[in-house]
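Data block below; observations after.
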Amino acid sequence: MTQTVQPLESVTIRFAGDSGDGMQLTGTQFTNASAIAGNDVATFPDYPAEIRAPAGTLAGVSGFQVNFGSVDIHTPGDELDALVAMNPAGLKANLDILKPNGVIVLNTAAFKAANVAKAGYTEDPRGDGSLDAFQVVEVDMNKLAAAAVSDMGLNSSVVGRTKNMLALGLMCWLYERPLEPTIDWITRKFASKGELAEANIRVLKAGHSYGETAEIFHSRFRVEPAKLSTGTYRSITGNQAVALGAVAASARSGRPLFLGSYPITPASDILHELAAHKRFGVVTFQAEDEIAGVCSSIGAAYGGSLAITTTSGPGMALKSEALGLAVKAELPLVIVNVQRGGPSTGLPTKTEQSDLFQAVLGRNGDTPIPVIAARSPSDCFDAMYEACGIALEYMMPVILLTDGYLANGAEPWLIPNFGELPQLATHVWKDADTFHQCKRDADTLARPWGLPGTPGMEHRIGGLETDIETGNVAYGGPNHQEMTDLRHERVARIARSYAPTEIDGPGRGGLLIVSWGSTYGSVRAAIESSRGDGIDVGHVHLRHLSPLPRDLGEILSGFDTVLVPEMNMGQLAFLLQATYPVRVKRLNRVEGRPFKRSEILAAIREHSGEER
Amino acid sequence: MTQTVQPLESVTIRFAGDSGDGMQLTGTQFTNASAIAGNDVATFPDYPAEIRAPAGTLAGVSGFQVNFGSVDIHTPGDELDALVAMNPAGLKANLDILKPNGVIVLNTAAFKAANVAKAGYTEDPRGDGSLDAFQVVEVDMNKLAAAAVSDMGLNSSVVGRTKNMLALGLMCWLYERPLEPTIDWITRKFASKGELAEANIRVLKAGHSYGETAEIFHSRFRVEPAKLSTGTYRSITGNQAVALGAVAASARSGRPLFLGSYPITPASDILHELAAHKRFGVVTFQAEDEIAGVCSSIGAAYGGSLAITTTSGPGMALKSEALGLAVKAELPLVIVNVQRGGPSTGLPTKTEQSDLFQAVLGRNGDTPIPVIAARSPSDCFDAMYEACGIALEYMMPVILLTDGYLANGAEPWLIPNFGELPQLATHVWKDADTFHQCKRDADTLARPWGLPGTPGMEHRIGGLETDIETGNVAYGGPNHQEMTDLRHERVARIARSYAPTEIDGPGRGGLLIVSWGSTYGSVRAAIESSRGDGIDVGHVHLRHLSPLPRDLGEILSGFDTVLVPEMNMGQLAFLLQATYPVRVKRLNRVEGRPFKRSEILAAIREHSGEER
Amino acid sequence: MSGQVAESATLTKKDFVSDQEVRWCPGCGDYSILSQIQKVLPELGVPKERYAFVSGIGCSSRFPYYMNTYGFHTIHGRAAAVATGLKTARPDLSVWVITGDGDGLSIGGNHLIHAIRRNIDLKIVLFNNRIYGLTKGQFSPTSEVGKITKSTPYGSIEEPFNPVFLALACNATFVARTIDREPKHMQQVLRRAAEHKGVAFVEVLQNCSVFNDGAFENITDKKVKKEQQLLLEHGRPMRFGPGGEKGIRMRDLTPEVVTLGEGGIAEDDLLVHDEAAPEPTLALLLARLGFPVYPTPIGVLRAVDSMPYDRAVHEKIAEIQKSAGPVGDAAMQELLSGRATWDVE
Amino acid sequence: MSGQVAESATLTKKDFVSDQEVRWCPGCGDYSILSQIQKVLPELGVPKERYAFVSGIGCSSRFPYYMNTYGFHTIHGRAAAVATGLKTARPDLSVWVITGDGDGLSIGGNHLIHAIRRNIDLKIVLFNNRIYGLTKGQFSPTSEVGKITKSTPYGSIEEPFNPVFLALACNATFVARTIDREPKHMQQVLRRAAEHKGVAFVEVLQNCSVFNDGAFENITDKKVKKEQQLLLEHGRPMRFGPGGEKGIRMRDLTPEVVTLGEGGIAEDDLLVHDEAAPEPTLALLLARLGFPVYPTPIGVLRAVDSMPYDRAVHEKIAEIQKSAGPVGDAAMQELLSGRATWDVE
Ligand SMILES: Cc1ncc(C[n+]2csc(CCOP(=O)(O)OP(=O)(O)O)c2C)c(N)n1
Ligand SMILES: Cc1ncc(C[n+]2csc(CCOP(=O)(O)OP(=O)(O)O)c2C)c(N)n1
Ligand code: SF4
Ligand code: SF4
Ligand SMILES: [Mg+2]
Ligand SMILES: [Mg+2]
């Protein structure tokens with residue numbers, strides 16, 4: 001039979017099921033297939049804080065959303081074109097974001113009365129009219145999977161665990177995605193378990209064939225490749241990109257990489273990734289806690305490593321005392337905070353941007369630390385590389401902020417040419433005759449990095465205030481003033497090296513949106529929409545949160561209204577007002593997910609009428 | 001013989017000697033005698049971070065400065081009228097702040113060549129002309145002390161340790177201070193060592209007699225009692241006042257006091273003081289670290305105590321994660337941060353105000369906590385009492401900021417009538433039938449305090465986000481937004497209860513000084529001086545740093561220039577600019593000591609010409 | 001636990017089950033521990049409202065939500081510190097600490113050893129699954145050398161802690177070990193822990209079915225358990241094996257596995273368990289026995305009397321209050337006034 | 001310490017004295033420790049620049065300033081953690097941790113036990129004066145019950161830690177104790193610690209002349225020391241007393257003080273020290289001996305071989321690098337590219 005093929009610019013789909021249903025993996029494979037098919041993609045993994053919350057309940061729903069298109073994709077999408085619901089809870093949890101007339105693919109095998117009840121339905125939603133506005137496609141995935149492997153003699157729980165491949169195969173058919181990347185991946189993953197590999201591949205193909213043969217869809221959809229810059233791409237998550245950025249910076253600076261870290265969601269994957277890179281001389285140390293994580297890194301930095309530590313909000317709080325030591329002792333160090341919902345343990349698996357205050361101001365004493373933020377999963381590579389560079393060039397700790405959305409989200413990455421990455425200079429001092437710990441670089445005011453083991457350069461450093469000339473412990477008032485001023489000046493000078501701030505859109509005028517971190521995508525998407533509607537607004541996206549760019553004040557003053565959308569209660573807005581004579585409008589949303597394009601669009605509409 | 005008596009309005013003297021010379025104790029006794037003589041006083045203990053830095057060196061100098069007067073005394077004084085130098089280092093370290101023609105009383109026994117050299121003098125300063133501008137009084141204190149106890153058969157090191165009493169006796173004579181308070185104190189302190197008591201008293205009296213009989217001074221000085229409000233006074237330090245404020249709040253709220261703390265300079269004395277008050281049911285727990293300090297307090301608060309924790313900057317940093325828990329769990333708790341010089345270990349015995357950022361903004365997540373600050377040693381009582389009241393009334397952690405200067409400094413305190421202290425209400429819930437953990441007080445939005453042990457009110461609290469209606473763990477986005485908004489609103493409401501902000505001086509006009517914390521005294525002193533010079537400026541001193549007073553914005557907008565003097569790099573200035581459409585002038589000094597009146601005066605002169 | 005015994009005779013397991021859905025993975029050992037604690041508590045004669053469960057963060061630390069008692073799910077590693085404050089302020093409560101091998105021995109190690117050292121009357125139950133469960137499978141301080149986990153793709157190189165051994169070095173007054181799969185034994189041990197006056201440290205070998213399945217199989221599996229578990233009973237010789245035919249004997253300072261009857265070895269030759277020995281020597285020896293050379297001791301390793309910290313605190317206060325007289329407004333006024341005052345008229 | 005032996009034959013104590021004035025109180029035991037370390041280091045055959053001293057905060061922790069070596073005075077309690085990073089990154093250095101009973105056992109307890117557990121090749125010298133010196137006299141985790149201090153005006157009620165006992169429970173591969181007043185003994189112990197491959201934990205009984213004067217008088221005073229100190233020597237029977245007339249014998253699991261000659265007791269009956277015993281049983285027993293019933297053991301309690309953590313880390317890396325081939329731009333490019341790439345043309 002032949003079906004029609006409908007061309008689309010972009011599509012958003014979500015896989016949803018139990019925590020044990022393998023939705024993250026299914027979503028990731030679909031993403032990779034889409035990327036390899038040449039689409040631009042953005043993803044939003046969304047899973048509960050429990051490992052396996054009770055099967056069938058709303059609390060246990062794990063979702064993975066992916067937006068792919070032939071156009072630039074900036075967000076994982078506001079609303080779904082299609083929802084794959086592996087069980088009633090997966091359906092119920094996501095129905096509100098499904099577009100009218102959207103596709104629902106549901107696994108009928110999971111719609112037993114007990115499951116329906118567990119999801120909090122009083123009646124089977126398939127019969128109560130609540131799905132009338134959608135195109136519902138019912139598939140007994142368990143049965144189809146079982147049939148595909150019936151001759152293999154597998155036990156039924158193993159077979160049950162392949163049903164996500166059925167869903168994946170079916171969706172790949174519907175959107176014309178290639179199966180090969182997934183087949184390759186299955187083959188690698190189950191290399192030592194040939195039977196499992198075969199079962200999964202068979203079920204995947206069965207899903208695809210089912211789409212092809214059963215007349216369940218009126219048409220297939222085609223999303224043409226996006227017009228990305230030419231080159232070689234891979235799909236990358238923010239956490240992977242941070243890890244690679246660090247290894248690259250180590251290689252380009254000649255300093256061995258040391259990571260001292262304590263596991264915490266959503267940052268742990270950076271540790272996992274780096275632990276695998278021993279080949280590159282990477283030392284990973286899983287510390288007893290976050291304090292030991294940062295302190296071991298401080299020790300390694302003292303010993304000459306490119307030292308980093310990775311964590312999330314609560315862990316960052318624990319590191320604050322030690323960061324003061326790194327500032328005082330003037331040691332290079334990168335602290336990565338993959339932000340999540342707070343306060344306290346908060347929403348450990350949900351995204352938020354609420355650690356900006358902590359990063360910029362959260363320490364005892366006058367203790368400035370530069371803070372930079374990544375804006376997309378692949379940008380985490382550049383941001384990490386830059387953070388390492390600043391740390392080494394200025395001999396100080398640098399904080400890199402990412403967040404749960406960037407960390408787990410994936411997008412296509414134009415793989416950089418390693419040989420073209422800028423060389424990173426260090427202040428390692430070799431010549432004992434000319435060494436003095438207080439002899440500063442005239443430009444950066446960095447002290448020399450005199451590494452233990454170098455003959456003739458023995459010296460002491462520490463957390464007590466020291467004399468600006470001799471480096472000896474000194475309690476004098478005027479010296480403390482000078483040292484405090486120096487610490488501020490050292491950080492302030494970093495801003496001299498920034499490229500001029502880019503303004504997307506008009507350079508002055510009515511409305512300017514200032515964003516930072518992962519809201520980048522949502523803001524870009526909204527601005528593109530609003531331009532389509534004829535409303536042109538300016539957009540500045542800040543990589544550097546501290547020190548702020550020197551030209552930012554002037555830019556801000558060129559607009560009537562400045563709007564700052566943040567996934568927090570207004571932290572950048574507060575910093576901007578404190579720094580510049582500007583009052584800003586805030587758009588704050590803390591719902592554990594990225595902004596929707598529509599939310600920002602609405603704010604643009606509201607505020608672009610505000611010219612005075 | 002008779003000497004003239006010269007009346008003076010106020011006098012500043014400093015005792016200076018080795019860390020082992022008992023200067024802190026001598027200064028304290030002189031202060032008490034002055035207070036009892038009816039003067040207003042302000043003190044500035046100033047000692048090194050080492051217990052006993054090498055004898056005779058500048059690093060080892062311990063100083064105690066006291067300003068006493070018949071007029072209101074706001075600061076320990078910019079310059080010295082008299083300096084007691086127990087050794088050459090004590091002389092050298094303080095000569096630059098002695099007024100021209102000021103009095104130097106020095107212990108000749110300590111001016112051996114070796115001591116002179118240790119102090120870094122190349123020549124004995126008594127012979128090199130460097131003291132010509134002063135009135136130098138040379139006294140062999142060791143010899144006089146030995147003579148006074150010659151018949152007691154004491155060993156010479158014991159005798160040597162009484163020489164500070166000689167200096168004290170002499171100064172008491174010079175300024176007509178009573179000896180009785182000191183004699184009482186000696187008697188109490190050496191109650192079980194009668195011989196030591198007698199020796200010290202004899203030497204004290206010998207010092208006094210020496211003044212009387214030897215013709216070493218041209219005149220004595222008289223400082224009449226200050227015109228303080230009538231009532232009963234005592235001398236009190238900031239740390240003592242914090243401790244008493246907590247005990248009083250406990251008694252007035254009916255909640256037992258619990259202190260979980262880890263020793264740290266300059267906060268440890270609060271722990272010491274409270275450990276002695278078991279009679280009042282106070283439980284003090286010296287924890288293994290600051291984290292356990294705050295966490296044990298959180299546990300005690302959960303159990304129904306008025307729980308507090310005390311620390312200084314680095315310890316505060318360590319507590320930041322746990323403070324998030326207290327915010328999320330909505331438990332009453334007071335955190336006292338006795339600020340000291342930073343960053344890192346910094347200047348542990350020196351004062352600073354650089355933990356304001358940390359207090360207001362230094363946590364992961366959107367985690368607002370009210371912050372209040374004390375302005376003088378005795379005001380620490382009121383501030384602590386108020387902090388406890390807010391914690392109990394609003395069911396939340398409250399941060400109280402004091403600093404090293406307030407903590408160790410002393411002043412006369414009009415002892416409050418305990419019975420007149422306001423009663424402190426709590427949200428302890430007794431009735432199980434009407435209990436629900438999410439049932440909030442309509443006014444404060446405080447949740448009920450359901451104490452373990454109460455039948456029928458069993459419930460669970462924690463650090464994960466919870467449902468606004470049920471209190472159960474909840475990861476939903478809209479609920480998180482509501483809870484985040486609620487946490488902000490709860491803190492914001494506190495400002496409704498503030499008394500209208502007081503403006504000293506004109507309510508609008510040219511220059512307004514906004515100060516906070518211990519700079520109060522210096523600013524008051526400077527403003528009084530400037531008024532004497534005919535320059536009238538407004539002054540607002542902030543007790544509440546977060547939330548800021550609701551009427552502050554309007555006040556700020558009424559002045560052409562706002563000047564914020566701080567012992568940090570401009571932290572309040574930053575918060576004000578972030579909050580109000582105002583640009584402020586900064587006066588920042590981080591020299592480990594309170595502002596001098598003259599420094600603020602100079603800034604007033606500079607900025608009061610700035611009207612536009 | 002302290003506190004008077006109230007009329008709680010009618011309490012049953014059901015009274016201790018909260019209305020919250022339990023959110024552990026299918027097959028997780030935590031279910032059994034929850035169930036045993038819910039069974040034991042009603043038998044202790046303590047009114048339900050006197051129980052407070054304090055936990056840190058981890059799968060195990062979700063425990064308090066499932067108990068219909070007072071409960072506090074705190075932050076990672078700090079349960080012992082929070083509980084210390086609670087129990088010190090409120091000695092009338094029965095305070096239980098629920099923690100994991102990561103929560104209690106990694107980030108929370110310091111609070112744990114100090115709480116034990118101080119002999120605070122806490123009932124500390126450490127769920128040892130030798131893995132970080134909640135963060136999805138990194139090695140923990142009890143993971144064995146060579147362990148391959150997400151953070152040790154090439155195998156861990158760290159010597160693990162032995163929790164009961166460490167607790168003994170902190171002068172723990174009560175130390176025991178039990179197993180998720182042995183409900184009866186666990187109940188006995190928990191009951192003993194609850195009745196002990198002072199800190200009680202209980203290690204529960206717990207299976208994480210998702211990230212470390214079978215970690216204790218070699219001692220808990222039905223087929224081997226008789227060979228591999230040494231059930232400690234106070235005053236009884238140490239025998240084990242399917243028919244009790246094996247035993248532990250000392251050779252100088254080294255314990256030795258022997259077979260009764262072989263080479264003339266009789267029960268009298270065996271080491272006799274003495275949980276109440278004033279010195280922890282025997283308990284320390286036992287703590288170090290384990291797979292593969294020795295059977296793993298299960299039960300109470302040590303139980304000795306000593307004044308609990310929280311009681312000492314309040315006895316001291318009571319004593320001082322008794323001698324100083326009642327605290328009223330006058331005493332408060334005296335406190336505010338201090339020693340030296342003066343009047344301004 | 002590891003690292004090659006360079007031409008350091010000419011080093012003397014003077015080379016290790018920094019230009020900084022020593023700022024401890026007169027009579028402080030820290031002076032002696034400084035002096036002994038300065039004496040021992042030149043003898044070890046390690047080039048001066050390879051030494052790094054890492055400390056926390058406390059009087060004791062000022063130590064690095066007085067050493068003319070690389071030094072890092074860090075923050076309170078974190079020396080072991082900082083040193084762990086340093087040594088793991090730089091196994092070629094000889095890294096010494098200087099800490100106090102407050103710094104190392106109170107706030108820093110967790111890092112200490114984890115560093116010991118991991119067998120990181122650090123030389124940890126804990127200055128135990130049983131008090132917080134720098135903060136002017138609060139009780140510490142090693143202060144005795146009943147101790148009156150600024151924070152315990154009514155006497156402490158906390159059972160103290162026994163540092164060597166605790167270290168042994170972390171499977172320390174080298175544990176020793178020495179005394180500030182016994183320079184020769186201290187030198188021997190420090191030399192042994194330095195030569196040990198793996199973590200070396202040394203407790204030094206140190207007098208704080210200002211806040212806890214005489215804390216160890218009952219075992220260190222000249223008049224009693226022969227009675228009160230049990231000098232441990234590997235392979236030698238445990239004898240003590242002015243003429244060596246007393247000894248330690250085991251009675252089942254309990255050590256007993258005996259007098260040689262009395263009741264027919266001969267040297268053969270005495271316990272023989274074996275610092276290298278694979279199991280720490282004897283060391284644990286010794287760790288618990290002390291005043292007033294027993295003499296206090298001084299010397300090396302335990303010294304066994306085990307792979308240091310830092311070496312294992314780098315051997316693993318070297319092995320992987322060897323099999324994976326050289327790391328150049330191509331390998332880096334491969335890393336960046338990952339497994340699945342596609343081209344856009
Ligand atoms: C300060 C902080 N650091 C890290 C984490 C992340 N975290 C949560 S639970 C956990 C370890 C859990 O292991 P364990 O205590 O053994 O509990 P289990 O899940 O195995 O029961 C970690 C590292 C956190 N929540 N907070
Ligand atoms: C985070 C932090 N908490 C507390 C302190 C205060 N502090 C400094 S040293 C010290 C204890 C010192 O005791 P110990 O380690 O025994 O050293 P000693 O002075 O006795 O040699 C304390 C509590 C600090 N500097 N930093
Ligand atoms: S991850 Fe492991 S420990 Fe956690 S709930 Fe699942 S089975 Fe239990
Ligand atoms: S206070 Fe004690 S430990 Fe510190 S330097 Fe003085 S004597 Fe030594
Ligand atoms: Mg675990
Ligand atoms: Mg000490």
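In what follows, chains are A, B, ... by sequence order, proteins preceding strands, each numbered from 1.
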Using heavy-atom distances under 4.5 Å, tell me whether [X] contacts chain C through its side chain, its backbone, both, or neither.
{"X": "B:Pro416", "value": "both"}
{"X": "B:Ala251", "value": "side chain"}
{"X": "B:Glu321", "value": "both"}
{"X": "B:Ala301", "value": "neither"}
{"X": "B:Ser305", "value": "side chain"}
{"X": "B:Trp413", "value": "side chain"}
{"X": "B:Leu331", "value": "side chain"}
{"X": "B:Arg255", "value": "neither"}

For this session: Taking C:Trp342 for its side chain and B:Ala35 for its backbone only, find out whether a donor-acceptor pair lies under 3.5 Å.
Result: yes
[options]: which one forms the most heavy-atom pairs within less than 4.5 Å of chain B?
{"options": "C:Ser55, C:Ala80, C:Ser18, C:Gly85", "answer": "C:Gly85"}
{"options": "C:Arg90, C:Met67, C:Glu319, C:His76", "answer": "C:Arg90"}
{"options": "C:Gln321, C:Lys316, C:Arg118", "answer": "C:Arg118"}

Exercise. Is it the backbone or the side chain of C:Ala331 that comes under 4.5 Å from a heavy atom of chain B, or both, or neither?
Worked result: both
Seminar exercise, completed: chain C shares the most heavy-atom pairs under 4.5 Å, among B:Ile291, B:Val283, B:Val294, B:Ile236, with B:Ile291
For this session: Could you check which of B:Ala300, B:Gly304, B:Pro452, B:Ala322 has the highest count of heavy-atom pairs closer than 4.5 Å to chain C?
Result: B:Pro452
So do [Y] and [X] actually touch side chain to side chain, heavy atoms under 4.5 Å?
{"X": "B:Arg460", "Y": "C:His73", "result": "no"}
{"X": "B:Leu464", "Y": "C:Arg62", "result": "yes"}
{"X": "B:Asp289", "Y": "C:His111", "result": "yes"}
{"X": "C:Leu335", "Y": "B:Phe418", "result": "no"}
{"X": "B:Tyr233", "Y": "C:Asp343", "result": "no"}

How many angstroms lie between [atom1] in [X] and [atom2] in [Y], if you round to the nearest 0.5 Å?
{"X": "B:Leu451", "Y": "C:Glu49", "atom1": "CG", "atom2": "CD", "result": "12.5 Å"}
{"X": "C:Thr74", "Y": "B:Tyr302", "atom1": "OG1", "atom2": "OH", "result": "11.0 Å"}
{"X": "C:Glu334", "Y": "B:Ile415", "atom1": "CD", "atom2": "CD1", "result": "11.5 Å"}
{"X": "B:Ser296", "Y": "C:Ile120", "atom1": "OG", "atom2": "CD1", "result": "9.0 Å"}

Exercise. Taking all atoms of both residues into account, what is the closest heavy-atom pair of B:Phe381 and C:Leu336, and its distance?
Worked result: CE1-CD2, 3.7 Å
Problem set entry | Minimum heavy-atom distance B:Thr230-C:Glu345, with the two atoms named | CG2-C, 3.1 Å
Problem set entry | From CA spacing to verdict: side chain to side chain contact (heavy atoms under 4.5 Å, CB included), C:Arg339, B:Asn32 | CA-CA 11 Å; C:Arg339 290 185 192 273; B:Asn32 288 345; over 6 Å; no
Problem set entry | Pair B:Glu288 + C:Arg117: basic N to acidic O under 4.0 Å | no
For this session: Assess whether side chain to side chain contact (heavy atoms under 4.5 Å, CB included) is satisfied between C:Tyr70 and B:Thr454, documenting all intermediate values.
Result: CA-CA 9 Å; C:Tyr70 286 93; B:Thr454 320; 3.5 Å; yes
